[in-house]
Asks: 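What follows is a structure written as structure tokens; I'll ask about it next.
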Amino acid sequence: MDTIFLDADRRIGGPYTLGAGLLAHLVPPALERWPDLVTAHDIEIRAAAPGLHDAVPARRRSLADSLPREQRVLVPGARRTLRLANGIAEFVRDHLSRTGPLTVTVTGLGEADQTDAELVTVLRRRIDPGLLIIEEGPSAPGGGPFQTDFDRYRDEGFHHALTEAGLEALRGRAYEDDAEGWQRLLLRVAASLEAIEREEEARELYDRARRRSTHPRYRATAAYATAMILVRHHDHARRDPEEALAWINEAITITSLMPDRRERAFHLGFDLNGKALVEVRRGRPEAAMELVRQAIELAETDLAGEHPIHRLVLYANRGQLLAMSGRKQEALADYTRAIETDPGYPDYYLDRGNLLQELGRTEEALADYEAVMRLSPPFPEAYYNRSEIRYAAGDLEGARADLDYTLELDPEFARAYVNRSGLRVAAGDHAAARRDVERGLALTPADPHLLCVLGQVELAGHRHAEALAAFDRALELHPDLAAAWAGRGELAYERGDHEGSLAAFDRALKLEETPELLFNRSMVHRAAGRAAEARRDLLRAAELAPGDPDVAAALSAL
């Protein structure tokens, strides 16, 4: 087994100090022998190892790559580094499966940037220790200046690094004679603090900016950002749409007065779009729609030939509002316009795919999800969404494979535990279903769908009291959850309570008419001696699921 020695101390190379060292060892020989393996992971390799840019050209590109930095208004979220880490892990795994096992002895792991700490976790979780062993060596005495490539940190979404290095710079004297540079850095640092859910610290920085500066543009940006904290705070109890309205109006007042037509159109459009989110949170979707319309009009009138990403974001946001209002065909057109503006940006394919799925256009939805898979490092949501299409088509094996991969990429993807545990219950693997339920509930203890599956697991084990408690708790949280009412119907039937069972199935069927629920209620009617009612339910089930052998057999038995 080969052994290499790497240092992870972020003070040496900033984000991905370790990742860049590992890739520098593996990529050059891979380029010689398996260049397709490298190009398949161009985004993650280039993000983690800037020194390999000349050797690894960008194969997957988005519109932002060709624009000036001031027009790149879409900053990656904090979860992007997990996608990068998974892509790097798959490159390392596939490389070592061809060359043989490797031991990496790492010093300075305690001083690693969040990107490397996350990468080590993913490598250890996803690569067999027979292929890769990561050993922690002793840390050398630290010290010295942090890496400060703020443009790279912002563009790649390295928010922990930007906040650490940025706060350090703001405490120092480097910007003592550069008021504009200080303001620009402060706003970047505050935005990164928001991204990693440190909103209170971000707001302190915005307040600090207000105390120091009278520059209209920066004060407007700080007002806008404060409003966004108040409507997007990760702790919903800390959200305050009414205070947010006051702040966003402050921003709009300032940007409306900007003398330069193009600068005004861009910043005012940004603020109107922000106010649209505030109005959504206030329960006023039509007011939000009008604000986005105004922002689009400004962009199309005064920003011709500039800021294409700003415009595509506006169209995508209007698409979201149209979808919320039930105007799905119009929403689809807006999402398509956004995608056609930047076919290399993956996120809006997800949104359009979800809408296509709602419209029953599953083949097109599948194509959109698979476009995300091609354009992005491993994106858990795309595989989760594809699993739902496969499940609906009866491809249970494919659905299960997608859910397995979703959870391999992100073990904290709670919704995937809901669906996989349900598949495992249907397959009779109740022990594995219980494990999934327990993992999911550890992440989201008040998830009614997981509680419903827990009830099914308990019911399968004939633990009736525990099953009832789970179904009842699910219904406390979600009174209109048809699956929980159906579960209570099954439980009552097992206990011989036919009237209670029928009442529960009646409630479930009012919420959601499915062949399965009709079939189950027919069995209860039959057990209660109500042959006519049982036949009626089976005939309706046959209409909804023609050719179902269980329904046909039950009808012939009556």
Side-chain angles (χ1 to χ4, degrees), residues 43 60 62 74 76-87 90 126 312 316-317 319-324 326 328-329 331-340 342-426 436 439-440 443-444 447-450 452-453 481 483 512 514:
I43 291 174
R60 295 171 291 180
S62 80
L74 283 170
R79 284 179 55 80
R80 180 175 184 256
T81 58
L82 178 62
R83 301 203 292 271
L84 295 176
N86 274 303
E90 292 182 3
R126 296 200 58 202
L312 76 85
N317 286 357
Q320 185 178 31
L321 290 169
L322 288 165
M324 288 168 53
K328 295 183 179 180
Q329 294 298 334
L332 196 61
D334 273 347
Y335 280 133
T336 298
R337 182 162 186 168
I339 288 168
E340 289 175 347
D342 186 2
Y345 183 69
D347 295 52
Y348 294 133
Y349 288 95
L350 270 181
D351 296 325
R352 189 176 70 175
N354 294 341
L355 184 56
L356 287 165
Q357 193 171 355
E358 289 178 27
L359 291 168
R361 295 163 63 174
T362 55
E363 289 302 316
E364 294 167 87
L366 187 63
D368 273 354
Y369 298 147
E370 292 178 349
V372 177
M373 297 171 194
R374 288 193 308 274
L375 294 169
S376 171
F379 208 131
E381 287 82 356
Y383 293 92
Y384 172 82
N385 291 357
R386 187 173 70 176
S387 77
E388 294 195 319
I389 290 180
R390 287 177 162 179
Y391 177 80
D395 179 9
L396 302 188
E397 185 176 343
R400 168 67 185 276
D402 276 344
L403 291 171
D404 288 346
Y405 186 54
T406 299
L407 288 166
E408 183 180 347
L409 295 174
D410 183 4
E412 296 187 0
F413 200 114
R415 287 175 295 155
Y417 288 113
V418 176
N419 291 3
R420 192 171 73 175
S421 61
L423 282 174
R424 285 175 159 170
V425 167
D436 274 352
R439 290 171 187 155
L443 297 167
T444 53
D447 188 309
H449 300 279
L450 281 168
C452 187
V453 177
L481 184 57
E512 180 184 6
T514 68

Asks: Over all heavy atoms of both residues, which pair between Asn86 and Glu408 is shortest? Give the atoms and the distance, please.
Replies: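 Shortest heavy-atom separation between Asn86 and Glu408 comes out as OD1-O, 4.3 Å.
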Asks: Starting at CG of Asn317, measure out to CG of Asp351 and round the result to the nearest 0.5 Å.
Replies: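 If we round to the nearest 0.5 Å, Asn317:CG and Asp351:CG are 9.5 Å apart.
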Asks: Taking atom CG of Leu450 and atom OG1 of Thr444, what is their separation to the nearest 0.5 Å?
Replies: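 It is 5.0 Å, given to the nearest 0.5 Å.
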Asks: List the steps and the verdict of side chain to side chain contact (heavy atoms under 4.5 Å, CB included) for Phe379 and Leu409.
Replies: CA-CA 8 Å; Phe379 208 131; Leu409 295 174; over 6 Å; no
Asks: If you count heavy atoms of other groups shown closer than 6.0 angstrom to CD of Glu358, is the number above 12?
Replies: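 Counting other residues, nucleotides and ligands, CD of Glu358 exceeds 12 neighbours.
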Asks: Which residues pass the side chain to side chain contact (heavy atoms under 4.5 Å, CB included) test with Asp334, not counting sequence neighbours?
Replies: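 Here the qualifying residues are Tyr315, Arg318, Leu322.
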Asks: Could you measure the distance from the CZ atom of Arg415 to the CG atom of Asn385? Nearest 0.5 Å is fine.
Replies: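 Arg415 CZ to Asn385 CG: 7.0 Å, rounded to 0.5 Å.
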Asks: CD1 of Ile43 to CZ of Arg80: how many Å apart, nearest 0.5 Å?
Replies: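 Interatomic distance, Ile43 CD1 to Arg80 CZ, rounded to 0.5 Å: 7.0 Å.
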Asks: Restricting to non-hydrogen atoms, name the atom on Leu375 and the atom on Pro343 that form the minimum distance, rounded to 0.1 Å.
Replies: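 For Leu375 and Pro343, the tightest heavy-atom pair comes out as CD1-O, 3.3 Å.
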Asks: Just to verify, what does Tyr391 make a side chain to side chain contact (heavy atoms under 4.5 Å, CB included) with, not counting sequence neighbours?
Replies: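 Expected list: Leu396, Ala399, Leu423.
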Asks: Check Arg83 against Ser376 and note the closest heavy-atom contact, atom names and distance.
Replies: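 Scanning both residues completely, I find the closest heavy atoms to be NE-OG, 3.7 Å.
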Asks: Begin from the C-alpha positions of Leu356 and Glu363 and carry the test side chain to side chain contact (heavy atoms under 4.5 Å, CB included) through to its verdict.
Replies: CA-CA 9 Å; Leu356 287 165; Glu363 289 302 316; over 6 Å; no
Asks: How close do Ala323 and Ala331 get, counting heavy atoms only, and between which atoms?
Replies: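 Closest approach of Ala323 to Ala331, heavy atoms only: N-CB, 3.6 Å.
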Asks: Could I get the full list of side chain to side chain contact (heavy atoms under 4.5 Å, CB included) partners for Ala416, not counting sequence neighbours?
Replies: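 Testing Ala416 for side chain to side chain contact (heavy atoms under 4.5 Å, CB included), a comparison that skips the adjacent residues, returns Tyr384, Leu403, Thr406, Leu407, Phe413.
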Asks: Determine the minimum heavy-atom distance between Ala365 and Gln357, stating which atoms define it.
Replies: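 Taking every non-hydrogen atom into account, CB-N, 3.8 Å.
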Asks: So, for Leu84 and Pro377, which heavy atoms are closest and what is the spacing to 0.1 Å?
Replies: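 Minimum heavy-atom contact is CD2-CG, 4.1 Å.
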Asks: The test is side chain to side chain contact (heavy atoms under 4.5 Å, CB included); show your working for Tyr417 and Leu443 and say whether it passes.
Replies: CA-CA 10 Å; Tyr417 288 113; Leu443 297 167; 3.8 Å; yes
Asks: State which residues pass side chain to side chain contact (heavy atoms under 4.5 Å, CB included) with Arg374; sequence neighbours excluded, sorted by chain then number.
Replies: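 Here the qualifying residues are Glu370, Ala371.
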Asks: Give, for atom CG of Leu332 and atom CZ of Arg361, the distance between the pair rounded to the nearest 0.5 Å.
Replies: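 Here the rounded value is 5.0 Å.
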Asks: With sequence neighbours excluded, what pairs up with Asp436 under the side chain to side chain donor-acceptor pair (under 3.5 Å) test?
Replies: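 Checked Asp436 against side chain to side chain donor-acceptor pair (under 3.5 Å); matches are Arg420, Arg424, Arg439.
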Asks: Tell me the ring-ring contact (aromatic ring centres under 6.0 Å, His included) pairs involving residues 348-375, sequence neighbours left out?
Replies: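 Every ring-ring contact (aromatic ring centres under 6.0 Å, His included) pair that includes a residue of residues 348-375, provided the two are not neighbours, is Tyr345-Tyr348.
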Asks: Is there a donor-acceptor pair under 3.5 Å between the side chain of Ser421 and the backbone N or O of Val418?
Replies: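 Side chain of Ser421 to backbone of Val418: a pair is present.
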Asks: Does any non-hydrogen side-chain atom of Leu366 lie less than 4.5 Å from one of Arg386?
Replies: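 Yes, at least one pair of side-chain atoms sits under 4.5 Å.
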Asks: Strictly below 4.0 Å, N to O, side chains only: are Arg126 and Glu90 in salt-bridge contact?
Replies: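 Salt bridge present between Arg126 and Glu90.
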